[in-house]
Protein chains: 4
Amino acid sequence: MSSAKPARVHAPRLAREQRVDEILLAARDLFCEKGYELTAVAEIALKLGVVEGTIYKYFATKRELLLKVLEYWYEEMFGDYARDLAGQSSHRARLHLLIWRHLRSVRDFPRLCRLMFREVQSEHDYRGSLLHDLNRRYTQLLVDVIEAGIAGGEFRADLPAPLLRSLVYGGIEHHSWAYIMNATVKNGRNVCGRGALDIDSLAEQLTTLVCEGIAVRHSHPSSAPIRGEDIPRGASA
Amino acid sequence: MSSAKPARVHAPRLAREQRVDEILLAARDLFCEKGYELTAVAEIALKLGVVEGTIYKYFATKRELLLKVLEYWYEEMFGDYARDLAGQSSHRARLHLLIWRHLRSVRDFPRLCRLMFREVQSEHDYRGSLLHDLNRRYTQLLVDVIEAGIAGGEFRADLPAPLLRSLVYGGIEHHSWAYIMNATVKNGRNVCGRGALDIDSLAEQLTTLVCEGIAVRHSHPSSAPIRGEDIPRGASA
Amino acid sequence: MSSAKPARVHAPRLAREQRVDEILLAARDLFCEKGYELTAVAEIALKLGVVEGTIYKYFATKRELLLKVLEYWYEEMFGDYARDLAGQSSHRARLHLLIWRHLRSVRDFPRLCRLMFREVQSEHDYRGSLLHDLNRRYTQLLVDVIEAGIAGGEFRADLPAPLLRSLVYGGIEHHSWAYIMNATVKNGRNVCGRGALDIDSLAEQLTTLVCEGIAVRHSHPSSAPIRGEDIPRGASA
Amino acid sequence: MSSAKPARVHAPRLAREQRVDEILLAARDLFCEKGYELTAVAEIALKLGVVEGTIYKYFATKRELLLKVLEYWYEEMFGDYARDLAGQSSHRARLHLLIWRHLRSVRDFPRLCRLMFREVQSEHDYRGSLLHDLNRRYTQLLVDVIEAGIAGGEFRADLPAPLLRSLVYGGIEHHSWAYIMNATVKNGRNVCGRGALDIDSLAEQLTTLVCEGIAVRHSHPSSAPIRGEDIPRGASA
DNA sequence: TATGAATGAGCATTCATTCAT
DNA sequence: AATGAATGAATGCTCATTCAT
């Protein structure tokens with residue numbers, strides 16, 4: 001006669017913010033391990049010991065959860081960028097730093113990159129989203145460095161900065177593709193990529209490749225469409 | 001078996017090929033219009049006036065159909081590449097041609113590009129597929145040009161050609177992303193991209209950006225790891 | 001316990017009542033605007049600036065809230081019926097008044113009618129509910145008028161009063177259906193029905209239609225199962 | 001080593017029309033037994049020994065299935081109406097027939113009536129639907145009879161036929177409400193209503209009630225707003 | 001060769017209600 | 001009296017693929 005229905009056991013009550021963080025973390029890990037589509041909201045809930053409804057209390061849709069996971073990541077990536085950039089002695093060094101740090105992000109969180117490419121950027125709701133804005137601000141850092149370098153006489157004056165930005169970020173993405181696709185992951189963080197990314201070497205190569213094209217210098221008369229300028233160039237070490 | 005019907009040995013094969021082409025065309029158009037996921041096999045069949053089963057006679061899976069559509073496209077893209085490249089007077093001109101033709105492909109078939117990025121390259125079966133091979137051979141053309149340019153003394157000797165390749169193709173992809181995402185399409189071909197791609201100007205800018213970094217010239221002594229060579233070189237390979 | 005606060009014995013009860021009224025009003029408005037199912041308890045709470053739990057303090061279930069909303073309405077509808085009926089000079093006039101006032105209710109509160117029909121009367125808990133009882137007392141008024149009219153010799157003696165009641169209320173409901181379904185509403189009150197109800201004309205037509213069937217008169221001998229009576233009867237009861 | 005997956009057993013292949021009929025029947029029975037909401041599509045499928053997908057092959061949505069079930073019913077109800085009506089000797093007899101047959105429908109299929117009222121007529125997609133049209137054509141039969149009766153001099157000339165139609169159908173609905181709500185049902189057909197509907201008696205009462213109001217006759221001078229006309233009246237038997 | 005009927009797994013989302021604080 | 005975090009059940013629908021005819 002005692003009721004067969006088990007007493008409802010509630011998960012411990014958490015403050016809103018804590019719960020949100022927990023959910024974001026669990027979602028990030030599962031999305032990274034199994035991909036977005038293959039992760040059921042129920043799994044995320046299970047991992048936290050709550051029910052699906054609890055997650056929907058804090059996130060309106062599964063997709064919103066994905067976007068928030070990536071927004072979190074972007075916010076981390078901004079970190080102390082401003083300070084670190086300021087600490088560099090030349091614009092080229094700043095460029096190198098941006099490239100290196102981006103490569104590091106790719107190396108450490110390949111699956112989050114994959115989520116960005118596959119699930120977010122190629123959907124129509126990306127345009128105009130907060131994530132789009134974060135992404136623009138993130139890559140804008142490079143544009144700023146380029147423009148500062150131009151102003152400082154370290155880079156050529158006629159550079160198409162946005163195209164350059166695409167060259168760098170698109171180039172890194174393209175080059176890391178196989179790594180991104182095959183990396184395996186634990187708790188959202190890379191565990192073993194098939195042939196890890198040698199980010200130091202890559203950053204160096206990329207920076208050189210780019211700079212030797214943009215650094216002001218005496219160009220070969222026949223192929224340079226730009227007037228060589230004789231500006232003093234202290235920073236170009 | 002002793003039918004009076006005259007033996008038309010090749011006729012059935014022709015019919016089969018025609019059917020296959022028909023299907024590929026219909027599939028390409030629908031995939032481009034609505035995307036891969038949102039296109040039902042039944043729709044493709046409907047467009048051809050057949051039933052689903054018929055399509056499965058010729059293609060084992062929907063995904064195989066997608067891959068074949070893209071393989072066809074790649075094969076078209078190879079076209080007269082070899083001849084056209086040979087017709088160029090310098091390695092820089094060949095590089096420019098590759099860039100321009102790739103941009104043209106993006107401009108004319110943005111939705112096929114999108115299928116490549118979204119549906120194919122980010123799936124695990126891409127690695128090792130025929131399409132992967134085609135893609136490699138396609139981008140290898142650029143590597144070949146670079147290496148020929150190096151051998152011919154037109155480009156610097158120590159260039160990391162694969163990275164350069166990623167720079168170019170990844171850069172183009174990145175730069176064209178918004179265009180690719182928003183292009184509208186009719187019969188697989190672009191109708192109106194939001195802000196068309198100015199491929200002439202882009203090709204010029206890209207080539208310059210890349211070449212000024214790789215073309216042999218007097219570099220700034222302290223930052224150039226490569227010996228500048230002074231010989232103007234009539235650019236033929 | 002020995003607080004200096006003056007004992008306000010009834011104040012809390014008043015507060016409670018006010019709260020209840022607030023909730024009923026908010027619920028009525030939302031139920032009318034969006035329908036019962038589509039109104040979430042959370043929305044009602046939101047509208048009042050409280051949380052869901054607060055509403056459950058005063059109403060055990062959402063459905064109870066609905067029933068109470070409609071009970072309130074019925075109680076208003078009774079209003080001064082008795083007095084107003086008494087003021088009429090004939091039973092026919094009383095019947096006309098009942099019909100007219102019912103039509104006015106439909107015209108002014110079409111969405112509440114809809115809630116009655118759709119959400120309440122067609123559920124199994126209606127039978128035996130307070131609302132059912134109110135509804136019966138409400139329609140009983142018409143039966144009473146009919147019977148008084150019979151007793152007073154104004155109406156035929158053999159009328160099936162309950163069937164007549166159904167004819168009137170069912171007929172009104174049926175005739176107003178499109179209006180009820182399409183009315184738009186603000187704060188529970190009708191704003192603009194698609195093609196407003198001309199209740200004066202309708203009431204007249206209905207009364208005539210019904211009375212010419214029930215009023216004592218010379219009927220056609222062959223079809224009338226009732227003895228026609230020849231006495232002109234000054235219609236007062 | 002033998003696969004654990006059971007061999008897929010297909011339900012017997014049926015011709016499209018047979019399958020459709022089967023589904024409609026099963027759906028009708030379940031909707032009548034449990035109501036629309038409480039019937040899961042999976043249950044209907046189960047009853048037929050097929051899977052849900054099969055049902056969706058023939059009906060786009062669960063709601064479409066409901067509508068088709070009711071359309072079927074309406075079409076049956078039209079039956080030999082025209083012929084049967086023509087067989088009546090007076091307009092009053094025709095009216096009686098309409099009322100009686102409608103009552104019979106209510107008596108035999110109370111749950112289908114309930115579906116009409118609850119699930120269909122009070123939804124916004126009803127207006128303009130095929131079902132709406134069928135319903136109008138069905139009730140139009142009565143309007144036609146009324147108008148023929150007017151033309152034939154059997155009914156009064158100034159009758160508001162649409163209002164009369166509402167009176168009859170709305171009245172029947174209202175009067176049968178408790179029966180409709182409480183009827184229990186087997187295979188879509190009524191088994192035992194709480195207090196069965198005495199349709200013969202009801203039809204007689206209703207016809208009389210209505211006719212004594214509409215049949216042309218010498219009205220009581222003081223209460224009749226209509227000029228008594230001395231038209232020859234053969235049909236009024 | 002073509003048909004087209006049948007399969008069947010898979011999951012996001014809502015919201016009335018409870019109850020610890 | 002009020003809060004608000006947590007529950008948890010319940011299901012319509014899609015579509016690639018198969019296979020009997």
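Proteins come first, then strands; the chains are lettered A, B, ... in the order of their sequence lines, and each starts at number 1. Reckoned from all heavy atoms, side chains included, excluding hydrogens, waters and symmetry mates.
Residue side chain E52(B) does not reach the base of dC15(F) through any donor-acceptor N/O pair under 3.5 Å, judged by distance alone.
Map G49(B) and I55(D) each onto its nearest nucleotide of DNA chain E; the residue landing nearer the 5' end is G49(B). Each of T61(B) and T61(D) was matched to the nucleotide of DNA chain F holding its nearest heavy atom; the match closer to the 5' end belongs to T61(D). Mapping V41(A) and A40(C) onto DNA chain E by nearest heavy atom places V41(A) closer to the 5' end of the strand. Along DNA chain F, the nucleotide nearest E37(D) and the nucleotide nearest A60(B) are compared for position; the residue whose nucleotide lies closer to the 5' end is E37(D).
Between the CZ atom of F59(A) and the P atom of dA5(F) there is a distance of 13 Å, given to the nearest Å. The CG atom of L46(D) sits 14 Å away from the P atom of dG12(F) (whole-angstrom rounding). In this structure, Y36(C) atom OH and dC15(E) atom C1' are separated by 11 Å, rounded to whole Å. Distance L65(B) CG to dC15(F) C1': 15 Å, rounded to the nearest Å. The distance from atom CG of L48(D) to atom P of dT7(E) is 10 Å, rounded to the nearest whole Å. Atom pair R16(A):CZ and dA6(F):C1' shows a separation of 13 Å (rounding to whole Å applied). Remark: C1' of dA16(E) and CG of L66(C) are 14 Å apart, rounded to the nearest angstrom. In this entry the distance linking CG of L30(B) with P of dA16(F) reads 12 Å, nearest Å.
Under a 3.5 Å cut-off, the side chain of E123(A) and the backbone N or O of V120(A) do not form any donor-acceptor pair. Between the side chain of R111(C) and the backbone N or O of G35(C), no donor-acceptor pair lies under 3.5 Å.
At a threshold of 4.0 angstrom between heavy atoms, the contacts of K62(B) are confined to the sugar-phosphate backbone, with no base atom among them. Y58(A) comes within 4.0 angstrom of sugar-phosphate atoms only, judged by non-hydrogen atoms across all strands, and of no base. Residue V51(D) is in base contact, counting any heavy-atom pair closer than 4.0 Å across all strands shown.
Judged by the 6.0 Å and 45° rule, K62(D) forms a cation-pi pair with Y36(D).
Checking the phosphate oxygens (OP1, OP2) of dT7(E), a side-chain nitrogen or oxygen of T54(D) falls inside 4.0 Å. For dA1(F), the OP1/OP2 oxygens have no side-chain nitrogen or oxygen of K57(C) closer than 4.0 Å. Distances shown here put every side-chain N or O of R63(A) at or beyond 4.0 Å from the OP1 or OP2 atom of dA12(E). Put simply, R19(A) has a side-chain N or O that comes within less than 4.0 Å of OP1 or OP2 on dA6(F). For Y56(D) and dC13(F), the shortest distance from a side-chain N or O to OP1 or OP2 is below 4.0 Å.
dA2(F) is paired with dT21(E) under the Watson-Crick or G-U wobble criterion, all donor-acceptor distances under 3.5 Å. Look at dC11(E): its Watson-Crick or wobble partner, with both distances under 3.5 angstrom, is dG12(F).
Interatomic distance, OG1 of T54(D) versus CD1 of I44(D), reported as 12.5 Å (0.5 Å rounding).
When all heavy atoms are compared, the tightest approach of L66(A) to F31(A) is CA-CE1, 3.8 Å.
Looking at heavy atoms from C-beta onward, M181(D) lies out of side-chain contact with R127(C) at the 4.5 angstrom threshold.
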